> 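Before anything else, here's the structure in question.
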Amino acid sequence: MTLGALVDAALFAVVVEAGPWIGDAPARIAEGYRQAQRRVPIAEAIATRFSDDLDAPLDRSGQLWWTDGAGWLESCAPLFERLDEVYGAGEFTFSGLWTSADPPPEAVVEMLGAWEYETGPVSRWWLPVRPEARVFEIRRPADWARLVSDHPRRAAPHPGWELPGVNQHRQDVAPLLGVTGQRAARTAVGRHLVPDWRSVAEQYDGVHLSWAGFVTAEGCISDLGDGDVTMLRYWFSERTLWLADVFGDPRPAPDPGVDLSSNSHHPPLPPRRTIDATFIRRLLGR
């Protein structure tokens with residue numbers, strides 16, 4: 001197995017098989033927990049072979065900003081000002097900027113599908129990160145829990161099936177509730193906490209989720225004490241959420257050759273590059 005095949009399979013499992021909007025996800029995850037001990041040798045083999053790649057810290061010289069030309073992002077420009085405007089329960093801020101490392105080619109389509117980049121042909125730009133940028137690394141669920149504990153904010157109502165909220169139905173998560181040690185669902189909690197992104201931005205310029213962090217923390221509930229919980233959700237890959245402009249000059253990156261739209265009316269590359277160059281500068285407030 002290659003690294004690309006591994007992360008492609010992980011993306012499919014997290015989004016399609018165990019995603020927050022998948023009706024039979026709790027039953028699938030429950031079975032995964034029941035098979036966990038039998039799969040320990042597989043996990044150990046993966047860790048031995050791929051640990052350096054999965055645990056790799058942020059590559060400051062190799063960050064990519066991706067775009068499918070979606071118009072909704074225009075309303076967020078300039079970024080980094082309205083950090084309290086969040087998605088879902090508050091797992092990330094709309095006012096941040098996403099980048100990723102250059103992913104294995106086998107995983108690109110699955111990754112862009114997970115991000116719902118479905119408006120038009122996808123283009124990407126290199127965004128070099130300045131050396132002085134302050135970055136918080138997430139490699140395990142405990143790292144996310146520490147970020148939340150240091151910068152807590154009470155979550156907005158949770159939209160998925162994993163935690164109490166309008167879309168959680170006890171009969172749906174029942175297969176999970178009886179599984180010892182499961183960390184995928186709770187029907188009663190003290191407080192659901194997420195990061196206070198404005199507070200995080202005072203200490204860090206970006207938060208990087210490694211591939212290991214994605215595999216271990218996405219959808220994993222961490223207990224914080226006194227009944228409080230937190231859960232990283234909706235990041236859907238190795239990624240960095242930036243809370244400040246800490247970049248050099250954007251440069252066009254090679255065309256990934258991906259268009260997930262069903263009926264695209266957006267300009268193809270290379271004409272898109274002129275549009276993108278203007279757009280990314282507006283997002284950065286330059």
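As the structure is a prediction and not an experimental result, all values here were calculated from the model.
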> Salt bridge between Glu162 and Arg186, side-chain N to carboxylate O under 4.0 Å?
no
> Inspect the surroundings of CZ in Arg191 and state if more than 12 heavy atoms from other residues, nucleotides or ligands are less than 6.0 Å away.
no
> Other residues, nucleotides and ligands only: do more than 12 of their heavy atoms fall within 6.0 Å of CD on Gln37?
no
> Contact between Ile280 and Leu127 at the side-chain level, heavy atoms closer than 4.5 Å - yes or no?
yes
> Is the distance from the ring center of Trp242 to that of Phe247 below 6.0 Å?
yes
> Could you state the interatomic distance from OG (Ser237) to CH2 (Trp115), rounded to the nearest 0.5 Å?
4.5 Å
> Sub-3.5 Å donor-acceptor pair from the side chain of Asp24 to the main-chain atoms of Ala27, do we have one?
no
> So that I know where these two stand, are Trp98 and Tyr87 an aromatic pair - ring centroids less than 6.0 Å apart?
no
> If you measure from the Lys or Arg side-chain nitrogens to the Asp or Glu carboxylate oxygens, is any gap between Asp205 and Arg130 under 4.0 Å?
no
> Give me the other members of the hydrophobic cluster that Val173 sits in, counting Ile, Leu, Val, Met, Phe, Trp and Tyr linked by side-chain heavy atoms under 4.5 Å, directly or via other members.
Ile29, Tyr33, Trp161, Leu176, Leu177, Val179
> Please determine whether a side-chain nitrogen of the Lys or Arg among Glu31 and Arg34 lies less than 4.0 Å from a carboxylate oxygen of the Asp or Glu.
yes
> List the atom of Val194, the atom of Ala89, and the distance in Å for their closest heavy-atom pair.
CG2-O, 3.6 Å
> Hey, are the side chains of Thr99 and Leu64 touching, using non-hydrogen atoms and a 4.5 Å cut-off?
no
> Tell me whether Asp84 is salt-bridged to Arg153, with the criterion being a basic N under 4.0 Å from an acidic carboxylate O.
yes
